[in-house]
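In what follows, every heavy atom counts, from backbone to side chain, and hydrogens, waters and symmetry copies are set aside. Numbered from 1 within each chain, the chains take letters A, B, ... in sequence-line order.
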Number of protein chains: 2
Amino acid sequence: MSSSCSRCCDEKCASKVPIFFGLSQEDLKRVVSLIVRKEYEKDEILVLKGSNLEGLIIVSKGRVKAFRDTLEGREQILYIFSEGDFFGEKNLLQNRDVTYTVQALEKTHICMIKKVDFHQLFRTNPDIGLKVLQELCNRLYHLENALESIGSRSVEARINSVLLDFAHKFGQTHPQGIMIELPLSREGIANYIGLTRETVSRKMSLLQEEGIIKMVGHKKVIILNKEALDQPVI
Amino acid sequence: MSSSCSRCCDEKCASKVPIFFGLSQEDLKRVVSLIVRKEYEKDEILVLKGSNLEGLIIVSKGRVKAFRDTLEGREQILYIFSEGDFFGEKNLLQNRDVTYTVQALEKTHICMIKKVDFHQLFRTNPDIGLKVLQELCNRLYHLENALESIGSRSVEARINSVLLDFAHKFGQTHPQGIMIELPLSREGIANYIGLTRETVSRKMSLLQEEGIIKMVGHKKVIILNKEALDQPVI
DNA sequence: CGTTCGATTGATGTCAGTCAACCCGAGTGG
DNA sequence: CCACTCGGGTTGACTGACATCAATCGAACG
């Protein structure tokens, strides 16, 4: 837990996280000393909806999904958190229970800062509060966009927007366009945008036929024509 | 603008707003001195998507809707803000343009605090930052719920959840149940939950036939059986 | 090479959207 | 006080797109 390697990882973790950008060396060291690390295997549950979380959790490696079970029995995926993202902020300030279940999509490392420690940090470094505020604004922005595109009745628009979203978050430049390592299965994508896996499958096949994307196996996609995805679909 | 009446209204305004709860008398007075008031008639636009907003806007009387125009030409309503709610926070901290258009649903009074003034206030009263943080968490919570219910394919679930939402925000106790003064027309409700006005109409008629709600004119609804709306709908 | 689980494809049914007609209540003017 | 008008709300018939069910495929792993 406190070997020199994990410590170095901690520092890397802390410095990767936007909310700690701009901290002095000493402050950063203090943050690192407060961090508790943990690892999760694929499919492991990090937190369960309705449980009480003892702190703020920052993803330092890997990807997780945050979702709720709908009344119909589906999962509604709300967020995909990856390197540098954090969650658990609602519990930090208010004494709310977690409002979603978080599950690892792959092997994942996290850092946790306990509630009391964060409060302490917050008091001595008001800038961190500002950073958190900004990050929450970003998340609001993300959700507003998601709501707009899901509220949109056009299924194509939803698919396009989720592909662009993934390209933005996980895309790598590639000779033919943008290569995405998909964080979710077809079913996962379906649960993200409120469709069935079959429909997602069909629509993605269509996009491939049209030469807009190219599937590489099932877990990778190359976006060949990004502009086409941005076009308004009626 | 600074007659004794409007001043008294200002104080009422400031004290009604959760983010100013817990301020000392002097601080409250300072806030009041910074407030600029404005009034809007029904249907007037308060801010236009993409424009730049000079400050934080607090609704002190009336109701407004925040929406975006979708690619399909529909409005996607994101929020209904009423007494005590604020918006414009994204512009306050980051230099983002407004991400939605805000329009008055009825005659509305607002208070505005300029960006610089707010920053000043923020520096001398860090607690306000915490309050804003909490409020943003609430809004995240609201959007997550909205996403869950819109993402849900069940149309009934969407209608039920918007009715419960309105009951929570605008409901008055009534001998027969909860009376709601609807902030939106059928079309508005449809735009809120991603349906058509006809479907909203049909489903609400159904709910009335089942004895779960009762419509009073077109603008009021009494919820007779709140529990039924909470039931999982397949 | 075989097994397994996810992805795809096909056939069918259902339900919300669309278009169109009609209703109703509020406001207006005779 | 009633007739008229107008805009939102309701209702009906039809259509089409997505869900559903079922069969098949195929990639990834041992």
Exercise. Around B:Lys220, counting heavy atoms of other residues, nucleotides and ligands shown, do more than 12 lie under 6.0 Å from its NZ?
Worked result: no
For this session: Could you tell me whether B:Arg158 sits above the aromatic face of B:Tyr192, with NZ or CZ closer than 6.0 angstrom to the six-membered ring centre and within 45 degrees of the axis?
Result: no
Problem set entry | Interatomic distance where CG belongs to A:Leu195 and C1' belongs to C:dC15 [whole Å] | 16 Å
Exercise. Below 4.0 angstrom from OP1 or OP2 of D:dA19, is there any side-chain N or O of A:Thr196?
Worked result: yes
For this session: Using atom CZ of A:Arg186 as one end and atom P of C:dA7 as the other, report the distance to the nearest whole Å.
Result: 6 Å
Atom pairs, protein N/O to nucleotides 25-30 of chain D N/O, distance under 3.5 Å:
none

Exercise. For D:dT11, does OP1 or OP2 lie under 4.0 Å from any side-chain N or O of B:Ser205?
Worked result: yes
Any protein N or O atoms within reach of nucleotides 12-15 of chain D? Criterion: under 3.5 Å, listing atom names and distances.
residue : atom : partner  : partner atom : Å
D:dG12  : N7   : B:Arg202 : NH1          : 3.0
D:dG12  : O6   : B:Arg202 : NH2          : 3.4

Exercise. Could A:Glu106 and A:Arg63 be called an ion pair, given the rule that one side-chain N must be under 4.0 Å from one carboxylate O?
Worked result: yes
Exercise. Do B:Glu44 and B:Lys38 meet the salt-bridge criterion of a basic N to acidic O distance under 4.0 Å?
Worked result: no
Seminar exercise, completed: From CD of B:Glu187 across to C1' of D:dT10 the rounded distance in Å is 14 Å
Problem set entry | Nearest-nucleotide pick for B:Lys203, side chain only, options being C:dA7, C:dT18, C:dA16 | C:dA16
Problem set entry | Gap between atoms CD1 and C1', on B:Ile213 and D:dG9 respectively (whole Å) | 14 Å
For this session: Verify the neighbour count for atom NZ of A:Lys169: are there more than 12 heavy atoms of other residues, nucleotides or ligands below 6.0 Å?
Result: yes
Problem set entry | B:Arg139 to B:Phe86 six-membered ring, cation-pi geometry met (6.0 Å, 45°) | yes
Exercise. Roughly how many Å is it from NZ in B:Lys220 to C1' in C:dG25, rounded to a whole number?
Worked result: 14 Å
Exercise. Between A:Asn191 (CG) and C:dG6 (C1'), how many Å, whole number?
Worked result: 14 Å
Exercise. A:Gln208 CD to C:dT9 C1': how many Å, rounded?
Worked result: 14 Å
Problem set entry | Any B:Ser185 side-chain nitrogen or oxygen under 4.0 Å from OP1 or OP2 of D:dG8 | no
Exercise. If you write DNA chain C from 5' to 3' in dot-bracket form, with Watson-Crick or G-U pairs under 3.5 Å, [ ] for crossing pairs and | for pairs with another strand, what do you get?
Worked result: ||||||||||||||||||||||||||||||
For this session: Let me know the distance between CD of B:Glu209 and P of D:dT11, rounded to the nearest Å.
Result: 8 Å
Seminar exercise, completed: Taken in chain and number order and not counting sequence neighbours, the residues that satisfy side chain to side chain donor-acceptor pair (under 3.5 Å) with B:Asn145 are A:Arg68
Exercise. Counting only heavy atoms not in B:Glu181, do more than 12 sit closer than 6.0 Å to its CD atom?
Worked result: yes
Exercise. Ring pair (Phe, Tyr, Trp, His ring centres under 6.0 Å) with B:His142: which residues, sequence neighbours excluded?
Worked result: B:Tyr79
Exercise. Between A:Phe87 and A:Tyr100, what is the ring plane arrangement, given parallel below 30°, perpendicular above 60°, and tilted in between?
Worked result: perpendicular
Exercise. Is a salt bridge present between A:Lys107 and A:Glu41, judged by a nitrogen-to-oxygen distance below 4.0 Å?
Worked result: yes
Exercise. How would you label the contact of B:Met204 with the nucleic acid (heavy atoms, under 4.0 Å): base, sugar-phosphate, or nothing?
Worked result: nothing
Problem set entry | Residues in salt bridge (Lys or Arg N to Asp or Glu O under 4.0 Å) contact with A:Lys61, at least two apart in sequence or another chain | none
